[in-house]
Amino acid sequence: MPVVSLNNLHKTFAVKRKTPGLKGSLKALVRAEYQTVEAVKGISLELDEGELLAFIGPNGAGKSTTIKMLTGILYPTGGEAQVLGYIPWQQRRQLSYHIGSIFGQKPQLWYHLPPGDTFDLFAHIYELDRAAFERRKAFLVEALGIGDWLDTPVRKLSLGQRMRCEIAASLLHSPRILFLDEPTIGLDVVAKQQLRAAIQTLHDEDNLTIFLTSHDAGDVESLCKRVIVINHGQVIFDDRTSALKRRFLRRKVIGVRFGQPVPDDFSVREATVLKRGTWGVKIELDTHVRPVDDLIAALMAYAPVVDLTVEDPPMEEIIRQIYLADDAVTVEVVPD
Amino acid sequence: MQRVYAEVRFAGHLVRLSLASNMEYRASFITQAVGMFINNGIYFVFWLLFFDRFKEIRGYQIEQIFLLFAIVALGYGLGHTFAGNAARLAWLIAQGRLDYYLTLPRPVLPHLLFSYMEPSAAGDLTCGLVWYVFTGRFDALSILLFLVCSVLAAVIFMSFRALSGCLSFFIGNASRWSSFLSNTLLTFSLYPMGLFQGVIRLILFTLVPAAFVGAVPVEVVETHSLTLLGGIAGAAAVSVVVLVLVFRLGLRRYESGSALNVNI
């Protein structure tokens, strides 16, 4: 029995169009022109209890619009959706007791107050029994490692610290499904890793169903078994993450900075040097040709390494590869 | 009834939290409130000069003007201090900032309205109490009626401001319209109703209910008329019902947005 099901979900917006400049503004004032933009074009999917789904796509693909319809914020233009048996936009209030949501760009924590104050507010909002609330809070504080910041005003927390507190706030009422919209947006590498680890822990502990949107392929690789890629409001890939990795996340870009100057004739076996500076190089690697760890070991053996980064291809490139691969467009989910 | 009590308690919690949030910047809070108090005081100088030359205006003497200003200022101050988001609703809708309230299991409108406190309105609130002292009406019934009328006026001020903010659902950013309409209500409420006749008077008892936040409450406190008090309560109830209906209708047109949000 799926906990989330979408059937041919549509959402269109009327967007005002105007040519640039004052002339365009005056023209629009006299006669406004609107263009219908289809943000979501017939998305259908199902999500089972305990699944951790990555719903990814580039900016403007329709990820946030979909999640907003599933949490009852937006009314769809057409189609059907059920979350835990509720129709989100009609039974928003009943549904909200059973789901948690985090919008990366829309914090729920009160900015000038410590997270602990917002946690108390949420206990009132969800009408939680005081003892149960304290137990749940203690569990989340421990699981997310946020004990040191509970009394610090949110404005003084780093983005990573704040996001972990946001997650705690969203889980105080023990929801069955957590909707995460771009939770790692703006975070540095370390904060992203910490947040991903925390999400994984909470998923494992609570058998929490997680619906995660992101435009960061790294979120998908490290967290989710299943991935749906959408572009221009349509599903273009729905399969196991391992399939996505095998076929479209093969390329990595490794940046390395050495403790000594790089010679002019620097080269590496089975990889391409994209850029060479005085102290560092940028190398492109196909992981099917040579594993990442093998290349890193070789680089570290070559000279002392001061800094090293491993980057995934940008989402736009993954999408391009999916379109290029004739047989890639699939909406069949193969069970693990 | 239990549900209503729970919502009132929740509103109380929001108000306490908003106050705590404002107290993070105590100096700013106090200076804004004091600034508004002084601003109101300067505005009243006009009436002091007027009554220095004339005895009355349409049946109002200086005592009635003090009472009128006391009720309007306390009502406006209460409405905007505790339901501070009423004044920001047009902007919040236009910016797509209702998402937070829509994902939580509380009635959206009260949750939204009581989640922000406007510091400068605390100056209006204080002014209202100070002006009442100058009316010289210290009998218990008059004080009670003054307070009840002010609370009902606060409900009307808050509903009218929020209702005008709902225009954003239908015409896009209506922040200036909301501000203009709210100022219209406030301005007309600060004059004796005897100055207005015909269509204008009809409008001030209906579309722009200035009479119910100024002149009628003055009469209630002066005459102790419970019938008129019932009229004000009715006007307040109608304002709330219209607000709730229009807000619900507008919510279907809400388009969210991608602007960065912060709860303050």
Side-chain angles (χ1 to χ4, degrees), chain A residues 11 13-16 32 39 59-60 64-65 67-75 88-89 91-114 117-118 120-127 153-156 162 169-170 173 175 179 181-182 185-186, chain B residues 2-3 5-26 28-29 92 95-111 114-117 119 169 171-173 248-264:
Chain A
K11 178 69 185 176
F13 292 104
V15 180
K16 198 173 176 181
N59 288 331
S64 297
T65 304
I67 220 170
K68 281 173 185 172
M69 286 190 281
L70 291 180
T71 48
I73 293 172
L74 292 178
Y75 282 72
W89 49 93
Q91 296 163 294
R92 182 178 49 76
R93 202 166 161 195
Q94 296 98 309
L95 174 65
S96 59
Y97 280 103
H98 307 288
I99 62 168
S101 52
I102 293 169
F103 296 92
Q105 299 182 43
K106 302 194 174 191
Q108 349 182 43
L109 300 171
W110 284 48
Y111 190 63
H112 297 301
L113 296 174
D117 282 352
T118 305
D120 274 349
L121 174 68
F122 274 42
H124 282 85
I125 286 175
Y126 289 104
E127 297 169 279
V154 171
R155 66 177 184 278
K156 301 252 168 94
R162 203 203 74 204
S170 304
H173 61 296
F179 290 95
D181 190 17
E182 305 277 10
I185 198 163
Chain B
Q2 206 175 1
R3 191 68 254 163
Y5 178 64
E7 296 307 336
V8 171
R9 275 187 55 189
F10 177 60
H13 190 81
L14 284 173
V15 168
R16 282 197 297 279
L17 207 61
S18 300
L19 189 60
S21 184
N22 268 304
M23 285 299 113
E24 282 288 307
Y25 301 97
R26 249 182 326 174
S28 171
F29 181 86
L92 291 168
Q95 292 279 316
R97 291 173 188 247
L98 304 190
D99 295 11
Y100 164 75
Y101 305 99
L102 287 167
T103 54
L104 297 172
R106 285 287 180 175
V108 178
L109 192 56
H111 187 179
F114 292 109
S115 287
Y116 178 72
M117 188 175 272
F169 283 128
I171 62 168
N173 191 355
R248 280 189 183 174
L249 194 69
L251 216 47
R252 292 184 67 93
R253 300 170 59 96
Y254 175 63
E255 289 197 344
S256 187
S258 57
L260 287 168
N261 281 18
V262 174
N263 286 326
I264 50 173

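This is a predicted model, so every value here is computed, not measured. A, B, ... follow the sequence lines: proteins, then strands. Residue 1 opens every chain.
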Of all heavy-atom pairs between A:Ser96 and B:Leu104, which one has the smallest distance, and what is that distance?
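Heavy atoms only, the tightest pair is OG-C, 3.7 Å.
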Decide yes or no on side-chain contact (heavy atoms from CB on, under 4.5 Å) for A:Phe179 and B:Thr103, but give the supporting numbers first.
CA-CA 11 Å; A:Phe179 290 95; B:Thr103 54; over 6 Å; no
Most heavy-atom pairs under 4.5 angstrom with chain A, which of B:Met23, B:Glu24, B:Arg9?
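Ranked by contacts with chain A, first place is B:Glu24.
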Taking every heavy-atom pair that is under 4.5 Å apart, which of B:Arg3, B:His111, B:Arg253 has the most such pairs with chain A?
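Top count of heavy-atom pairs under 4.5 Å with chain A: B:Arg3.
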Name the orientation class of the two ring planes belonging to B:Tyr100 and A:Phe122 (parallel below 30°, tilted from 30 to 60°, perpendicular beyond 60°).
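Tilted.
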In Å, rounded to the nearest 0.5 Å, how long is the span from [atom1] of [X] to [atom2] of [Y]?
X	Y	atom1	atom2	answer
A:Ile125	B:Phe10	CD1	CZ	4.0 Å
B:Arg16	A:Asp117	CZ	CG	11.5 Å
B:Leu14	A:Trp110	CG	CH2	5.5 Å
B:Arg106	A:Tyr126	CZ	OH	11.0 Å
A:Thr71	B:Asp99	OG1	CG	7.5 Å

Under 4.5 Å between any side-chain heavy atoms of A:Ile73 and B:Tyr254, yes or no?
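Counting from C-beta outward, A:Ile73 and B:Tyr254 do come under 4.5 Å.
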Of the options A:Arg93, A:Arg92, A:Lys68, which is the one that meets B:Leu102 in a side-chain contact (heavy atoms from CB on, under 4.5 Å)?
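The passing option is A:Arg92.
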Among A:Thr118, A:Thr65, A:Ile99, A:Leu74, which has the most heavy-atom pairs under 4.5 Å with chain B?
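Going by pairs under 4.5 Å, I would pick A:Leu74.
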What part of A:Ser64 gets closer than 4.5 Å to chain B, counting heavy atoms only: side chain, backbone, both or neither?
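No part of it gets close to chain B.
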Select one option (side chain, backbone, both, neither) describing which atoms of A:Pro153 are under 4.5 Å from chain B's heavy atoms.
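Only the side chain of A:Pro153 comes within 4.5 Å of chain B.
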